[in-house]
Each structure stands twice: as C-alpha cells, then as structure tokens.
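Numbers restart at 1 for each chain; the letters A, B, ... are given by sequence-line order, proteins then strands.
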There are 2 protein chains.
Amino acid sequence: MADKQRSARPGTGAKRKAADAVVSPDDCDPARCPCDDAACSLSRYVRTTQAANGDEDHHTLEATEQAVAERLSGLSIDMSAMAVISNVYRAANAVRNHVERTVLAPHDLTWTGWVVLWVIWIWGDIESRHVAAEAGISKGTLTGVQNTLMSRGLVKRRVHPDDARRVLLSLTPKGQKLMSSVFPEFNAVEALMSEDLDDDAKLATARALRAIVKKAENA
Amino acid sequence: MADKQRSARPGTGAKRKAADAVVSPDDCDPARCPCDDAACSLSRYVRTTQAANGDEDHHTLEATEQAVAERLSGLSIDMSAMAVISNVYRAANAVRNHVERTVLAPHDLTWTGWVVLWVIWIWGDIESRHVAAEAGISKGTLTGVQNTLMSRGLVKRRVHPDDARRVLLSLTPKGQKLMSSVFPEFNAVEALMSEDLDDDAKLATARALRAIVKKAENA
DNA sequence: CGTTCATCGTTCGGTTCCGAACGGTTTGTC
DNA sequence: GACAAACCGTTCGGAACCGAACGATGAACG
C-alpha cells in the first residue's frame with residue numbers, strides 16, 4: 001500500500017507520523033491468558049485497561065478472561081494455529097509501520113514504492129509484470145507506482161526490444177544511488193527487529209513462514 | 001483494511017475474486033540462490049521466467065543471480081534477518097488474501113470488519129478505542145467499520161454510563177450467531193495454513209513473531 | 001495474409017484506510 | 001464555579017489499492 005495510482009504526483013508519499021497513529025499494548029500474562037505460551041493477542045486489551053483506569057470497568061479481568069476461555073472452549077479451536085497466524089499479521093503490520101516511520105519517511109518513500117524499487121534494484125531490467133508479482137501488488141497498482149517513481153527520476157522504462165507489449169524497468173543512476181544508501185538502513189532495522197532471535201530461530205522462523213506462504217498461495 | 005469509512009453502505013465488501021489478482025511464483029533453488037535456507041524470495045522471478053519463456057531473456061539465470069549476490073555482498077547485509085522479516089510480510093499478505101477469498105467473502109465480510117467483529121466477540125462490551133488498538137486500525141477507520149457493521153445489524157453501540165465521551169460496543173444476537181458459525185471456518189483455515197508445522201514449530205514461530213512485534217512496536 | 005485468441009500494460013471506478021482537524025465531555029487548578 | 005488542558009469519537013480530505021474493462025501487440029492456424 002504505497003502508491004499514487006494515476007496522475008503521478010511526486011514527493012507526497014510516506015506521511016506516517018505518529019500522532020493519531022495505530023497504537024498497541026503489550027504482553028500477555030501466561031498465568032491468566034488461555035492462549036498457548038503467551039504468544040497470543042488476547043490480553044492486550046486487559047493490560048491497557050489495567051494500566052489506564054484503575055478498576056472502573058464493570059467486569060473484572062478474571063471474569064472477562066474466563067469468558068474468553070469459555071467462549072473459545074465451547075467450540076473446538078486450534079489455539080496454536082490461531083497464535084501463529086494471528087501473530088503473522090500483527091507482526092507484518094508492526095514491522096511495516098515501524099519501517100515506514102523510521103527508514104522510509106525521511107526519504108519520502110512509501111512501503112510499496114520501496115518494495116518496487118528493491119525488486120528493480122535486485123533484478124535490474126525486469127519486466128513490469130514480474131515486478132508486480134514480486135512486489136505482491138496488482139498490475140494496475142504498479143502502473144501508478146511506476147509513474148511516481150519515474151517522475152522522481154528513480155526509475156526508467158523502455159519497451160521490450162522483442163515484444164512491444166512488454167515494458168522493461170530499471171533504475172536510473174539516481175535510483176541506484178538511493179538504494180545503495182537506503183538499503184543498509186533498511187536492513188539494519190530488519191536486523192534490529194529480529195535481534196532477539198538467535199540464528200537458528202531466524203532460520204526456523206523463515207522456514208515456517210515460507211511453509212505458510214506456500215499453503216496460503218496454492219490452496 | 002476492510003471498511004467503509006463514512007456513509008455506511010452495507011453488503012458491498014469483500015469482493016476479492018481471482019481474476020487480475022496478485023499472483024506469485026514459487027520456491028527458490030538453494031543451490032543457486034544466495035539466500036539462507038531457501039527461505040527467501042529472491043528467485044521467484046527466476047522460476048517464473050524459467051517456466052514461462054524458454055530462454056529468451058538476455059541475461060542468463062546464473063548471471064542474474066550472480067548479480068544479486070554481488071550487489072548484496074558488496075554491502076554488509078544481514079541475510080537471515082532479511083529472510084525473516086521479508087517473509088513475515090509476504091506470509092501476512094498471502095494469509096489475508098486467502099482468508100478473504102475462502103472464508104470471508106462468502107459471508108460478505110472484509111478482513112478488517114472480521115477482525116473488529118472478532119475483538120468485540122471476544123471481549124464483549126468493549127470501548128471503541130480499545131477495539132481500534134486491538135484490531136490495529138486507527139480510530140477514524142473504526143468509525144466507518146462500526147457504521148457498516150451496525151447497519152448490517154451485527155453490532156450495537158451505547159454510550160458509556162460513566163463517561164459520555166466513550167462508546168461501548170457489543171455484538172447483537174445476530175452478530176453472535178454469525179461469529180459462532182464463521183469462526184470455526186476461519187480457525188479451520190488457520191489450522192490448514194499451519195498444518196505443515198508441528199506443534200513445537202508453531203509455538204516457536206508464534207514466540208518469534210511476538211518478539212518481532214515487541215521490537216517493532218516499542219523502538 | 002487474415003482471423004482468432006492469448007497476453008501485455010494502462011485506465012478507471014470504487015473501496016479501504018490514515019491522519020489532521022473538530023466538537024463535545026471530563027478532569028484538574030486556581 | 002470559571003478556565004484550561006486532556007481525552008473521546010467523528011468528520012473529512014486525500015492517498016493507496018484492487019479488479020474489471022480496454023486498446024494494442026504477438027502467436028497460432030487456416
């Protein structure tokens with residue numbers, strides 16, 4: 001989600017400040033929460049209320065969590081699957097928001113714009129349909145991102161020499177310069193976010209995520 | 001991301017079919033790809049081109065991947081961090097798209113609408129600011145989702161008895177009925193997507209993701 | 001060659017979403 | 001008790017995104 005669709009207007013992207021921003025609380029208490037291994041999101045609200053107003057709510061924490069457990073135990077639920085999948089989405093959002101604010105916004109880049117630049121940077125001279133597939137966006141969206149990036153002088157496009165339908169994308173020298181200066185910053189943040197994981201955990205997590213992607217994409 | 005903002009118009013959400021949809025290729029070849037443990041996305045494009053046109057591209061696969069390795073090895077990059085973080089985002093998108101198509105669309109629900117319903121279902125009688133925090137959306141977005149869900153008779157709202165600024169949200173009987181019928185479907189898909197992971201892997205992955213969330217949110 | 005069909009990138013309408021601004025309510029301070 | 005500051009949910013403008021429709025090009029077949 002970072003684009004301008006038609007009518008490329010440069011230099012307006014990535015405005016994620018931190019005012020009304022999406023906030024989110026904290027950990028869960030394994031002793032109370034019915035989730036597996038403290039790895040769920042069920043008690044974030046509890047912590048919030050707990051911290052905020054002393055005890056003004058009508059239902060106590062215990063009663064509420066009891067209700068959660070009962071509601072879920074009534075049905076037969078795969079709690080560990082829930083913990084994994086729901087945290088995938090939560091993590092993705094958290095990462096994206098953080099990266100946009102800390103790394104991308106100062107360079108006036110949006111997330112999608114960044115991903116597109118990255119793909120072109122890595123593959124150089126790549127057809128736009130492949131860029132869209134790699135970046136995980138639709139063709140229509142890519143057109144807009146393209147125009148934005150072109151108007152900022154970061155990306156070039158030329159028609160495929162053998163097929164006039166296709167379009168080849170590549171980075172301008174300015175774009176290349178941008179990437180080689182920004183990507184280390186980006187990667188540093190990636191490293192920071194995964195620094196609590198040892199190497200085995202990183203590899204295992206990446207492998208697990210790939211398994212999920214595989215299941216989700218062809219099923 | 002699933003909402004209607006202002007002017008609640010019911011019954012038009014969740015239209016994700018599969019026509020021009022976001023496609024995405026396949027695995028990477030560990031023998032060739034410079035990533036760790038086949039857990040990256042760097043060779044998806046390669047596989048695509050490989051499968052599509054026999055060998056019409058100008059740079060061979062080997063040359064391309066060599067270029068990737070060189071470009072990345074020129075800088076000092078934490079490849080395992082990159083593998084983890086980039087796959088988080090990819091997995092989240094894949095999961096969301098799949099769930100929207102298979103589970104939510106038949107019930108005319110959007111992803112965000114679903115998450116909001118879920119939060120209210122679990123916590124019952126919850127203040128809207130907490131719903132927004134739990135669901136990971138902004139207050140403004142929640143207002144729109146609220147209206148949509150209210151106009152469909154799934155959600156009730158009432159003013160907080162002790163504080164006229166606050167609003168308490170809860171599910172109508174119709175909303176409760178919907179949740180208890182749809183959530184098992186949803187959870188079944190969650191289970192399906194993580195079925196290639198054994199229990200230890202699920203727990204470990206969930207734990208790793210929480211660590212990432214923690215880092216991303218307060219840093 | 002001319003026709004048909006697949007495929008490419010673009011256009012366009014509609015939806016989702018964020019963030020800043022706003023009015024209304026409560027709390028704190030003199 | 002008035003006044004200011006903090007906080008709540010809503011409104012509103014604008015960006016980002018998808019998916020269907022479109023025009024143009026290329027390939028297959030007679």
Side-chain angles (χ1 to χ4, degrees), chain A residues 1-9 11-23 52-53 56 93 96-97 100-101 105 110-113 115-116 127-133 135-148 157-160 162-169, chain B residues 1-9 11-23 52-53 56 93 96-97 100-101 105 110-113 115-116 127-133 135-148 157-160 162-169:
Chain A
M1 319 136 174
D3 165 33
K4 213 124 304 144
Q5 196 177 3
R6 61 209 144 201
S7 87
R9 217 139 47 95
T12 54
K15 292 233 173 66
R16 224 165 265 249
K17 283 293 150 28
D20 205 6
V22 172
V23 262
N53 44 345
E56 205 177 331
N93 265 348
R96 177 180 165 158
N97 287 335
E100 280 182 338
R101 274 197 287 269
T110 61
W111 175 267
T112 303
V115 174
V116 168
E127 297 178 25
S128 48
R129 66 203 164 109
H130 294 141
V131 175
I137 59 180
S138 70
K139 298 184 301 176
T141 300
L142 179 62
T143 299
V145 183
Q146 251 181 61
N147 292 335
T148 305
R157 33 160 296 170
R158 60 191 182 89
V159 214
H160 195 292
D162 298 335
D163 189 340
R165 292 171 303 179
R166 309 182 190 184
V167 168
L168 290 173
L169 264 37
Chain B
M1 319 129 177
D3 165 33
K4 212 126 303 146
Q5 196 177 6
R6 63 209 144 199
S7 88
R9 215 137 49 92
T12 53
K15 292 232 174 65
R16 225 165 264 250
K17 282 296 152 22
D20 205 5
V22 171
V23 262
N53 44 345
E56 205 176 333
N93 266 346
R96 177 182 164 155
N97 286 336
E100 280 182 336
R101 273 197 287 268
T110 61
W111 176 268
T112 303
V115 173
V116 167
E127 295 178 26
S128 48
R129 67 202 163 108
H130 294 141
V131 175
I137 59 180
S138 70
K139 299 184 302 175
T141 301
L142 179 62
T143 300
V145 184
Q146 251 181 62
N147 292 335
T148 304
R157 35 162 294 173
R158 62 193 181 88
V159 209
H160 195 292
D162 300 334
D163 189 339
R165 292 172 303 181
R166 307 184 191 182
V167 168
L168 290 172
L169 265 39

(Q) Distance check needed: C:dT15 C1' versus B:Trp111 CH2, whole Å only. (A) 18 Å
Q.
Could you tell me how far apart B:Arg101 (CZ) and D:dG19 (C1') are, to the nearest whole angstrom?
A. 12 Å
(Q) Quick check on D:dG19: is either OP1 or OP2 less than 4.0 Å from any side-chain nitrogen or oxygen of A:Ser138? (A) no
Q.
Output the rounded distance in Å from CG (B:Leu142) to C1' (D:dG9).
A. 9 Å
Q. Considering only heavy atoms from C-beta outward, does the side chain of A:Leu169 approach that of A:Gln146 to under 4.5 Å?
A. yes
Q | Distance (rounded to the nearest 0.5 Å) between B:Asn93 CG and B:Arg96 CZ | A | 7.5 Å
(Q) In whole Å, I'd like the distance from the CG atom of A:Asn147 to the C1' atom of C:dC12. (A) 14 Å
Q.
Let me confirm one number: the CG-CZ distance from B:Leu168 to B:Arg157, rounded to the nearest 0.5 Å.
A. 10.0 Å
Under 3.5 Å, which N/O atoms of the protein pair with N/O atoms of nucleotides 6-9 of chain C?
unit_1, atom_1, unit_2, atom_2, d
C:dT7, O2, A:Arg165, NH1, 3.0
C:dC8, OP1, A:Arg129, NH1, 2.5
C:dG9, OP1, A:Ser128, N, 3.3
C:dG9, OP1, A:Ser128, OG, 2.5
C:dG9, OP1, A:Arg129, N, 3.3
C:dG9, OP2, A:Arg129, N, 3.4
C:dG9, O5', A:Ser128, OG, 3.3
C:dG9, N7, A:Lys139, NZ, 3.1

Q.
I need the CG-P distance between B:Leu169 and D:dC8, as an integer number of Å.
A. 15 Å
(Q) Without decimals, in angstroms, what is the distance between B:Ile137 CD1 and C:dC18 P? (A) 7 Å
Q. Do the side chains of A:His160 and A:Arg165 get nearer than 4.5 Å, heavy atoms only?
A. no
Q | Chi angles and distances behind the side chain to side chain contact (heavy atoms under 4.5 Å, CB included) call for A:Val116, A:Ile137 | A | CA-CA 9 Å; A:Val116 168; A:Ile137 59 180; 4.1 Å; yes
(Q) What's the separation between atom CG in A:Leu142 and atom NE2 in A:His130, rounded to the nearest 0.5 Å? (A) 12.0 Å
Q) Could you give the CG-to-C1' distance, from B:Leu168 to C:dT25, as a whole number of Å? A) 15 Å
